[in-house]
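Worksheet: one structure, shown below.
All residue numbers in this chain count up from 1 along the given sequence.
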Amino acid sequence: MPSYSSPSPSLVSVIIFLTIFTSYLNPAESDARTDSFIYGGCSQAKYSPNSVYESNINSLLTSLVNSATYSTYNNFTIMGSSSADTAYGLYQCRGDLSMPDCTNCVARAVSQIGTLCSNAYGGALELQGCFVKYDNTKFLGVEDKTVVLKKCGPATGYDTDALGSRDALLAGLGSGGGPYRVGGSGKIQGMAQCTGDLSMSVCQDCLGSAIQELKSNCGTAISGDMFLAKCYVRYSAGGVDDQYRGGGSSSSSGGSGHSSSDDAEKALAITVGLLAGVAVLIVFAAFLRKAFGGKGK
């Protein structure tokens, strides 16, 4: 990949700010909750503020957000003067997301990972709708089957029909083509996905390992998540989207039913969205005046 010149940090902030707040103007996109948190992690090694690597990370993250406006997957390499200053990164949207949802999800992920992994050489963040990862160690195209998150729902006891449906679903997900797969068997539904930098043979191997880990860890559970570093498999008796709507809550949290305050929350969200829209226009107008005001003098 060619190297890129680094934009100013303020430009990065403006791009992310505009993209994120645009989503608040559409309650349907917000209700999809594609931006709810699943897991995140950062390297222990830190880079120095105002360093070459920080400049390259700014350029990388900007490239990820820009690319997500037209593609659901991409990777970038920003070359540095040394290997330690070279930044590698990728983003991956869930295979069923529309481009506007993908754009919003990646923008939110970039914003959150910048806070979560401040000054860290490497970071990874999985939201419901997308995944973002960067590092100064090359990882693109490399298989990584490290378990980063496993979660199982309540056990149902030994139910031959339910277990048969689950195993049939997982077998279908493990043998299907393409990096993104969905399926169902009986009342069990699920999805699986690999990152786009993996070849199909490596993707198959990664998903096979995730399925084995899922069966081993979740037993007779009615739902389960198994996230490896480069792929994941999820299933649920209630449908994956319904079971996990609202993000990665712990197994001790309550059910996913709507409370009586939902309408009030939606109304508040719409109000906040409208105010945010006004704020965007004000900021953008100020930006234009600053950028072009000198020409009128």
Side-chain angles (χ1 to χ4, degrees), residues 4 6-24 30 32-69 71-78 80 84-94 97 101-140 142 144 146-149 193 195-197 225 227-232 246-248:
Y4 293 79
S6 174
S8 66
S10 61
L11 179 57
V12 177
S13 300
V14 169
I15 292 172
I16 294 172
F17 176 79
L18 291 175
T19 307
I20 288 175
F21 279 104
T22 298
S23 68
Y24 284 117
S30 178
R33 299 185 185 274
T34 56
D35 60 322
S36 52
F37 180 86
I38 295 180
Y39 74 83
C42 317
S43 66
Q44 293 184 347
K46 302 280 187 177
Y47 60 82
S48 301
N50 302 315
S51 64
V52 173
Y53 188 70
E54 181 179 45
S55 176
N56 287 345
I57 283 296
N58 281 336
S59 182
L60 174 72
L61 296 179
T62 302
S63 297
L64 298 184
V65 175
N66 288 340
S67 179
T69 62
S71 177
T72 57
Y73 164 78
N74 212 341
N75 68 77
F76 293 88
T77 299
I78 310 299
D85 290 331
T86 298
Y88 306 92
L90 64 77
Y91 71 90
Q92 172 87 66
C93 288
R94 204 175 66 209
L97 257 60
D101 285 341
C102 178
T103 303
N104 292 330
C105 187
V106 172
R108 287 175 182 271
V110 166
S111 177
Q112 291 180 32
I113 201 171
T115 301
L116 179 70
C117 298
S118 178
N119 294 341
Y121 269 104
L125 180 66
E126 184 90 47
L127 303 183
Q128 287 286 347
C130 62
F131 174 67
V132 168
K133 178 178 172 66
Y134 68 86
D135 209 326
N136 69 331
T137 301
K138 187 174 183 179
F139 64 89
L140 300 174
V142 178
D144 186 349
T146 304
V147 175
V148 293
L149 175 70
Q193 188 166 23
T195 54
D197 61 319
D225 285 354
F227 284 83
L228 307 188
K230 285 292 189 79
C231 68
Y232 66 81

Distance-minimising heavy-atom pair for Glu54 and Pro49: OE1-C, 3.5 Å
Among Asn75, Asn74, Leu60, the one residue meeting side-chain contact (heavy atoms from CB on, under 4.5 Å) with Leu90: Asn75
Hey, are Lys230 and Asp197 close enough for a salt bridge, meaning a charged N less than 4.0 Å from a carboxylate O? yes
Point-to-point distance, once rounded to the nearest 0.5 Å, from OG1 of Thr195 to CG of Leu228: 10.5 Å
Just by distance, do the side chain of Thr86 and the backbone of Gly80 share a donor-acceptor pair under 3.5 Å? yes
Taking atom CG of Leu116 and atom OG of Ser111, what is their separation to the nearest 0.5 Å? 11.0 Å
Quick check against the 3.5 Å criterion: does Asn136 have a side-chain atom that pairs as donor or acceptor with the backbone of Ala84? yes
To the closest 0.5 Å, what do you measure between NZ (Lys133) and CD (Gln92)? 13.5 Å
Looking at Ser43 and Tyr121, would you say the former's side chain and the latter's main chain have a donor-acceptor pair under 3.5 Å? yes
Of all heavy-atom pairs linking Gly129 and Leu97, the shortest is O-CD2, 3.4 Å
Looking at CG of Asp225 and CD of Glu126, how far apart are the two atoms once the value is rounded to the nearest 0.5 Å? 10.0 Å
As an exercise, state the distance from CD1 of Ile57 to OH of Tyr47, rounded to the nearest 0.5 Å. 6.0 Å
Looking only at non-hydrogen atoms, find the nearest pair between Gly89 and Leu140 and report the distance. O-CD2, 4.1 Å
Contact check, side chains of Ser63 and Tyr91, non-hydrogen atoms, under 4.5 Å: no
side-chain contact (heavy atoms from CB on, under 4.5 Å) filter on Asp135, not counting sequence neighbours, yields Thr137, Phe139
Residues Tyr73, Phe131; criterion side chain to side chain contact (heavy atoms under 4.5 Å, CB included); working and verdict: CA-CA 10 Å; Tyr73 164 78; Phe131 174 67; over 6 Å; no
Under a 3.5 Å distance rule, please check whether Thr69 uses its side chain to pair with a backbone N or O of Asn66 as donor and acceptor. yes
Please walk me through it: do Ile113 and Tyr134 pass side chain to side chain contact (heavy atoms under 4.5 Å, CB included)? CA-CA 10 Å; Ile113 201 171; Tyr134 68 86; 3.7 Å; yes
Closest heavy-atom pair, Leu127 versus Cys105, reported as atoms and distance to 0.1 Å, is CD1-O, 3.9 Å
Hey, is Cys93 close enough to Cys102 that the SGs sit under 2.5 Å? yes
List the residues meeting side-chain contact (heavy atoms from CB on, under 4.5 Å) with Lys46, not counting sequence neighbours, and say none if there are none. Asn119, Ala120
Approximate separation, where rounding is to 0.5 Å, of Thr34 OG1 and Asn104 CG: 7.0 Å
Shortest non-hydrogen contact from Leu149 to Ile38? CD2-CG2, 3.4 Å
